[in-house]
Number of protein chains: 2
Amino acid sequence: MINRYLKVGKALAATIKDIAKHTGLGLATISSYLNGGNVREANREKIETAIEELNFEVNEVARGLKTNKTKTIGVVIPELNNIFCAEIITGVEDVLRNHGYATIVCDCRTDKELEKEAVDFLYRKRVDGIINMPVNVDGSHLKSFQKSGKPIVLIDRKINGIDCDCVLADNLTAAKNAVKRLVENGHTKIGMIGGPEEIFTAQERLLGYKTALMEAGIVPEEKLVVQGDYTIDSGVRCLENLVKQNPDMTAVFVANYEMTMGAVIGINELGIRIPEDLSIIGFDNTEFARACKPKLTIVTQPMREIAKNVAQIILKRMEADQRNPEASDFQVIKLQTDIVEGNSVRRI
Amino acid sequence: MINRYLKVGKALAATIKDIAKHTGLGLATISSYLNGGNVREANREKIETAIEELNFEVNEVARGLKTNKTKTIGVVIPELNNIFCAEIITGVEDVLRNHGYATIVCDCRTDKELEKEAVDFLYRKRVDGIINMPVNVDGSHLKSFQKSGKPIVLIDRKINGIDCDCVLADNLTAAKNAVKRLVENGHTKIGMIGGPEEIFTAQERLLGYKTALMEAGIVPEEKLVVQGDYTIDSGVRCLENLVKQNPDMTAVFVANYEMTMGAVIGINELGIRIPEDLSIIGFDNTEFARACKPKLTIVTQPMREIAKNVAQIILKRMEADQRNPEASDFQVIKLQTDIVEGNSVRRI
DNA sequence: TAGTAAAACCGAAACGTTACGGATTTGTCG
DNA sequence: CGACAAATCCGTAACGTTTCGGTTTTACTA
């Protein structure tokens, strides 16, 4: 009775057994066929028509149980509706799916608790690997997953305690070059809207800023640096503070996309003119920069490149760990950034 | 020998059997405990410490095989780095994960072939349901998945052949109100940058545009309407065409976010002033609108609301289809849009 | 304390696949 | 045509759960 109900509406999906019965062949033969093994031509045809007729699709769940591989990888990021994250996921997902892997996305809302929950969740789902742009910089959320011996690849933020590969942009150089560009245009009072101090990339960008100034013989001033949290709103607030505290500031460097947008909003709302009153160099997202008036000069990260590298590394690890499980040399890939010229920097 | 290698590096994950052995209880008891069944207090404690000690985590793959439920749903969208899609996924994923569901995202690059592949892929993965913002408007890619009896929820674009729920914005009214706003400000030569004609929402937005004009006694002109493909680049091109063809045009309505951005880029690059030379009303993404100079007036869709509705509907369906598999009344939920006032519309 | 209903427990059989070792068939060559 | 190696095939036992039906224990009641 109950059974009847359970079956209603289901297309009672065909299994390998049905194919075996239908063709008169054995289980193992079908399985072998499905996994690229050799079967006699005649049987191959039989199997193929049977698959067609019963419209059989292999059950990846069963396969996963047996092989202990789910062909699924988890991606844990701070915010999906952050252009950088979205772009990375797009790229990663593309490569992975072409290799038969599914991508489970977990947006942890920049919350360490949620991040840990997400990793545990993915562990229970038995993903074959995790890609993480970490919020919790001590890496404790990854410890127990790592014990499973499955690969982890970090994006954008290195973590010291965790042995794994990492792909990121050369943030130090990126920031240094941006600030250098401002200096070369005659600016000396240069503000910076940076990210949270515990985040690795934020530290590097700040260091790049300071380095560029010092190399130009300018002493970095405390009050010209203000720290946001990588959100649009904080960009607005930071810009307002910076302007209020430093009436003599002539240029500002903003260290991520969201805050760049925020800074532009702040500038517009305060009625400040770019670049006459204030020069600005932002970060990421060429499209937004192009839509601004005047067009923004920005630092761009090679997001597609980052994504491709991440995907390839994790694929390589997943191949490798069966035959050579000994920890090998983990790599940190650092990619170069670029500057897209706009009209937001004035020569003074 | 081989076995030895396979075990190296693995934390040889504990199973329910280990817990049973460790506690001296039976398999079924542990399983019952894990699923919220009753166990004697003393045993509960024993189980819990065993779980702790062996740090057992239930294998969702095995569970999925047995229960025929993967607690996973697939989302197929045209482009992840499209603000609308990203926002929807963020919202959906949030709700679903809170209910123990994982979300597999498939970005099909606005390609019908890839879209079909994605759906098949998800079927093989045995997802419990699919959420789709369809590219292929004839819905053929969904047919075979639908035979499995699992729920499908469409976003933003209704499909006639497919019986399922659908959540979207009231695009007709949205467009009508936007154009009405332009008319009320004295505009009569109003251009429109619309979307691909086969897409449902694009049709509705176009209809809204025409309706608003006609209600104001203005006859819609063929040459004032130009069709893009929802990308930034096409927004730029469309705007250029429109301006070239219609020197007397005083206002333009743009029917999605990406093209709005494109139109703004085009306007800036042509040196046209907003709103003195041209008034504009765009679509979606308040943040971008706010960052524009002058601030843009835009139509906003309740993306969070849409996402929440989508997630809830699919959850409901997944609950329901066990006890009452008979096709029930599918619903189309149409949510109202809003207009956020900026300074991009001039009164003439 | 005996008797009973309810609660808690248990073993075994599935779910759909893969993988092992051995059995069968095929093709080739003297 | 017979023999032998290579190629193909097969049955069975897992993988880690849930679930079914039945057995034991517990907690009451009389």
Side-chain angles (χ1 to χ4, degrees), chain A residues 1-3 6-7 10-47 51 54 56-71 100 123-126 128 148 322, chain B residues 1-3 5-7 10-47 50-51 54 56-71 100 123-126 128 148 322:
Chain A
M1 190 63 170
I2 285 174
N3 248 328
L6 279 174
K7 262 169 193 164
K10 302 241 166 187
L12 45 134
T15 77
I16 236 181
K17 274 182 203 155
D18 298 320
I19 305 292
K21 217 167 293 172
H22 205 264
T23 56
L25 296 168
L27 269 282
T29 309
I30 314 296
S31 170
S32 158
Y33 165 83
L34 290 174
N35 292 292
N38 282 330
V39 283
R40 250 189 288 284
E41 182 59 16
N43 290 336
R44 197 180 59 72
E45 278 168 15
K46 266 198 271 183
I47 294 177
I51 286 180
L54 309 180
F56 164 84
E57 295 265 11
V58 37
N59 184 328
E60 299 269 8
V61 177
R63 178 181 277 178
L65 175 61
K66 187 67 212 188
T67 60
N68 201 24
K69 302 231 168 316
T70 52
K71 288 276 193 171
Y123 175 61
R124 258 174 279 131
K125 288 275 178 207
R126 294 300 193 270
D128 295 338
S148 73
Q322 351 214 47
Chain B
M1 190 62 171
I2 284 174
N3 248 326
Y5 272 104
L6 279 173
K7 261 170 191 162
K10 302 242 165 186
L12 44 134
T15 76
I16 235 180
K17 274 182 202 154
D18 298 319
I19 305 292
K21 216 168 294 170
H22 205 265
T23 57
L25 297 169
L27 270 280
T29 309
I30 315 295
S31 171
S32 157
Y33 166 82
L34 290 174
N35 292 292
N38 282 331
V39 283
R40 247 188 294 284
E41 182 59 15
N43 291 335
R44 196 179 59 73
E45 280 169 15
K46 266 198 271 183
I47 295 177
I51 288 181
L54 308 181
F56 165 84
E57 295 264 12
V58 38
N59 186 327
E60 299 268 9
V61 177
R63 179 181 276 176
L65 174 61
K66 189 64 214 191
T67 60
N68 201 25
K69 300 230 167 318
T70 53
K71 287 277 192 170
Y123 175 60
R124 259 175 279 130
K125 287 274 177 208
R126 295 300 194 271
D128 295 338
S148 72
Q322 352 213 45

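- Comparing C:dA19, C:dT18, D:dG16 against the side chain of B:T15 picks out D:dG16 as the nearest.
- At the heavy-atom level, B:F56 lies under 4.0 Å from the strands shown only through sugar-phosphate atoms.
- For the OP1/OP2 pair of D:dT18 and a distance below 4.0 Å, the side-chain nitrogens and oxygens of B:N35 include at least one atom meeting the criterion.
- Listed pair A:N38 / D:dT8 meets the phosphate criterion, a side-chain N or O lying under 4.0 Å from OP1 or OP2.
- Across all non-hydrogen atoms, the minimal contact from B:K125 to A:V61 is O-CG2, 3.9 Å.
- Looking only at side-chain heavy atoms (C-beta outward), B:V58 and B:F56 come within less than 4.5 Å of each other.
- An OP1 or OP2 oxygen of C:dT17 is reached within less than 4.0 angstrom by no side-chain nitrogen or oxygen of A:S31.
- Atom pair B:K125:NZ and C:dT17:P shows a separation of 14 Å (rounding to whole Å applied).
- The nucleotide whose nearest atom lies closest to any side-chain atom of A:V58 is, among C:dT17, C:dA8, C:dA14, C:dT17.
- Whole-Å rounding puts the B:K17 NZ to C:dA12 C1' distance at 12 Å.
- Remark: the backbone N or O of A:H22 is not paired with any side-chain donor or acceptor of A:K46 at under 3.5 angstrom.
- A:T67 has no side-chain polar atom (N or O) that falls below the 4.0 Å cut-off from OP1 or OP2 of C:dT18.
- Distances shorter than 4.0 Å separate none of the side-chain N or O atoms of A:R40 from OP1 or OP2 on D:dT8.
- Within the 4.0 angstrom heavy-atom criterion, no nucleotide atom of any strand lies near A:V61.
- Judged by distance alone, with hydrogens and angles left aside, the side-chain atoms of A:T23 form no donor-acceptor pair with the main-chain N or O of A:I47 at under 3.5 Å.
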